[in-house]
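For the numbers below, each heavy atom of this structure counts, side chains included, while hydrogens, waters and symmetry mates do not. Since this is a predicted model, take the numbers as computed values, not measurements. Proteins get letters first, then strands, A, B, ... in listed order; numbering begins at 1 in each.
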Protein chains: 2
Amino acid sequence: MTADTPLWRQIAETLTAELANASPGDRLPSEARLAARFGVNRHTVRRALAALAEAGLVHARRGAGVQVTALPTDYPIGRRTRFHAALEATGRVPGRRVLSVETQPGLAEECAMLALPGGSPLVRAEGLTLSDGQVIGHFRSVFPVLPGLAAELARGEGVTRALAACGVSDYTRAWTRLTAVPADALLAGHLQLRRGEPVMRAVALNHDPRGQPLEYGITHFAGARVTLTVAPD
Amino acid sequence: MTADTPLWRQIAETLTAELANASPGDRLPSEARLAARFGVNRHTVRRALAALAEAGLVHARRGAGVQVTALPTDYPIGRRTRFHAALEATGRVPGRRVLSVETQPGLAEECAMLALPGGSPLVRAEGLTLSDGQVIGHFRSVFPVLPGLAAELARGEGVTRALAACGVSDYTRAWTRLTAVPADALLAGHLQLRRGEPVMRAVALNHDPRGQPLEYGITHFAGARVTLTVAPD
DNA sequence: TTAAATTTGTACGTATGTATG
DNA sequence: ACATACATACGTACAAATTTA
């Protein structure tokens with residue numbers, strides 16, 4: 001996002017971010033208006049819009065404007081499916097390295113996912129997932145504040161054990177959303193990849209047997225090192 | 001190819017045709033030379049080259065030239081017979097476009113997955129997965145040879161209906177394996193991505209209610225456009 | 001090792017055509 | 001018919017990476 005990245009790419013990224021709040025069918029401002037807004041030539045805006053169109057996010061029609069065509073498609077894979085990482089089945093030694101555990105006010109999205117009021121304090125944990133000592137994933141999870149949870153998580157014995165120590169005997173996965181994304185610089189560093197290499201993002205919500213949300217987490221797996229298997233129960 | 005088609009497209013088509021006699025790694029003439037040859041501005045040539053790059057046929061490197069990455073003959077134009085209308089699908093997929101249906105001896109892996117002797121003839125189907133007319137995935141499936149199956153698949157009425165026409169009333173997913181991989185040139189062309197962009201690979205096995213393998217398929221989804229949701233019942 | 005030439009990438013500007021509303 | 005908006009195509013200039021001398 002600094003001066004060495006092309007103008008058209010900065011504009012494309014800005015517009016992409018803004019599309020998150022848009023709906024399919026919404027019209028973008030005209031190329032001339034966008035050019036005026038960003039203080040660039042119209043062709044520079046066109047280059048940015050071409051990138052968005054190539055990604056399938058927008059669609060331009062001559063005479064009409066540029067419309068938002070599609071947001072990421074939600075693709076249900078099946079109902080009676082159970083989700084587990086392949087490494088559990090292959091007999092490898094799983095492990096994790098907790099990088100940080102903090103208690104902070106949660107972001108709006110995080111609080112909403114945990115069914116808590118906005119700005120509620122949350123326990124945030126970040127770390128790496130290992131297989132035979134090899135880094136295969138990076139996770140970032142938020143939990144509601146439970147007595148002693150942060151300390152238990154920091155011991156690195158795993159989420160299940162930490163929750164059990166806090167009196168939560170069991171929890172189940174409400175849903176998982178999977179998508180393939182390019183690794184950013186931070187992720188590339190954690191997973192020992194190059195920027196842009198494919199990474200699988202798994203966004204998951206876990207809740208207790210009564211349906212109370214317990215954990216909202218985003219995990220990124222190194223695409224080349226991980227296969228997720230979805231199999232019926 | 002008349003006067004109403006844009007110059008850049010005419011040039012792109014001309015270059016694509018000429019690539020048939022080229023080999024991967026060959027260098028194209030410089031943009032300046034091509035501009036002189038076609039008698040157009042350099043930007044017009046750039047627009048044409050951008051189209052070729054988008055299709056995964058060439059790759060440009062600043063300072064070096066433009067190189068051929070893949071042969072047009074590897075590109076589906078030669079193999080695809082015709083585009084069929086997208087029809088109703090298996091319930092989860094909004095649309096499908098069947099590109100080709102062939103009966104061929106299966107590869108060892110394919111035969112093994114279908115529990116057939118090596119070298120058995122298989123019905124192979126290839127096509128695109130759509131959502132609102134937008135290409136979101138590319139699939140390649142193999143089936144055991146059933147009477148009339150190839151013809152039914154070729155009609156583009158969907159896998160479910162084709163199997164039903166052959167007496168298979170129902171089938172279920174045995175398992176799905178997911179991993180994130182970079183798009184190769186062929187896939188980039190199909191999914192309208194750039195080479196190397198993240199793609200989610202789903203390898204799936206479907207079988208009939210008695211456990212007999214019916215379909216072994218590999219689908220690649222455009223990472224930016226698809227989210228797979230896994231939810232328990 | 002250095003310097004120059006080559007080649008693609010970015011950004012600007014201008015003009016005109018064509019479809020839409 | 002008219003204004004709006006995207007599409008095409010020309011031009012210039014400079015930056016950045018590579019190749020060549």
Side-chain angles (χ1 to χ4, degrees), chain A residues 1-16 18-19 22 24-70 194-196, chain B residues 1-16 18-19 22 24-69 133 192 194-197:
Chain A
M1 209 104 86
T2 55
D4 62 334
T5 61
L7 276 177
W8 67 264
R9 185 174 291 278
Q10 296 180 39
I11 293 171
E13 289 175 0
T14 298
L15 291 177
T16 300
E18 293 179 0
L19 282 185
D26 284 357
R27 268 189 56 185
L28 268 64
S30 72
E31 295 174 354
R33 285 186 185 280
L34 289 174
R37 169 187 161 189
F38 290 108
V40 300
N41 189 271
R42 187 185 143 220
H43 286 309
T44 306
V45 168
R46 278 181 66 74
R47 183 68 186 86
L49 289 176
L52 295 196
E54 195 179 332
L57 297 178
V58 299
H59 174 66
R61 276 159 53 231
R62 175 184 292 183
V66 178
Q67 285 187 330
V68 179
T69 52
R194 279 179 241 164
R195 262 185 93 234
Chain B
M1 207 104 88
T2 55
D4 62 336
T5 61
L7 276 177
W8 67 263
R9 187 175 290 278
Q10 296 180 39
I11 294 171
E13 290 174 0
T14 299
L15 292 177
T16 300
E18 293 180 2
L19 284 184
D26 285 358
R27 267 190 55 185
L28 268 63
S30 71
E31 294 174 352
R33 286 185 183 280
L34 289 174
R37 168 186 161 190
F38 291 108
V40 299
N41 188 271
R42 185 185 146 218
H43 287 308
T44 307
V45 168
R46 279 181 64 77
R47 182 68 185 84
L49 290 176
L52 296 197
E54 194 179 333
L57 298 177
V58 300
H59 174 67
R61 274 161 52 232
R62 174 186 284 179
V66 178
Q67 284 189 330
V68 179
T69 54
Q192 298 167 16
R194 281 183 230 160
R195 264 173 41 113
E197 286 202 85

Solution key, residues 32-41 of chain B side-chain donor-acceptor pairs under 3.5 Å, sequence neighbours excluded:
unit_1: B:R37; atom_1: NH1; unit_2: B:E18; atom_2: OE1; d: 3.4
unit_1: B:R37; atom_1: NH2; unit_2: B:E18; atom_2: OE2; d: 2.6
unit_1: B:N41; atom_1: OD1; unit_2: B:H43; atom_2: N; d: 2.9

Could you check how far CG of B:N41 sits from P of C:dC12, rounded to whole Å?
17 Å
Are any protein N/O atoms closer than 3.5 Å to N/O atoms in nucleotides 4-8 of chain C? If there are, list each pair with its distance.
unit_1: C:dT7; atom_1: O2; unit_2: B:G63; atom_2: N; d: 3.4
unit_1: C:dT8; atom_1: OP2; unit_2: B:E31; atom_2: N; d: 2.9

Return the value, rounded to whole Å, for the distance between atom CZ of A:F38 and atom P of C:dC12.
13 Å
Supply the atom-to-atom distance B:R42 CZ to B:L49 CG, rounded to the nearest 0.5 angstrom.
10.0 Å
How far does CZ of A:R47 sit from CG of A:L52, to the nearest 0.5 angstrom?
10.5 Å
Note the angle between the end axes of the helix from C:dT2-D:dA21 to C:dG21-D:dC2, five pairs defining each, rounded to 10 degrees.
10°
For B:W8 against B:A48, the heavy-atom pair lying closest together
O-CB, 3.3 Å
Can you list the residues that meet the side chain to side chain contact (heavy atoms under 4.5 Å, CB included) rule with B:R62, with sequence neighbours excluded?
none
A:R27: side chain to side chain contact (heavy atoms under 4.5 Å, CB included) partners, not counting sequence neighbours:
A:Q67
DNA chain D: 5'-most and 3'-most nucleotides touching chain B, 4.0 angstrom heavy-atom criterion
D:dT8 to D:dT19
Starting at the 5' end of DNA chain C and moving along, which residue's nearest nucleotide shows up first, A:H43 or A:W8?
A:W8
Verify the contact: side-chain N or O of A:T44 to OP1 or OP2 of C:dC12, cut-off strictly under 4.0 Å; return yes or no.
yes
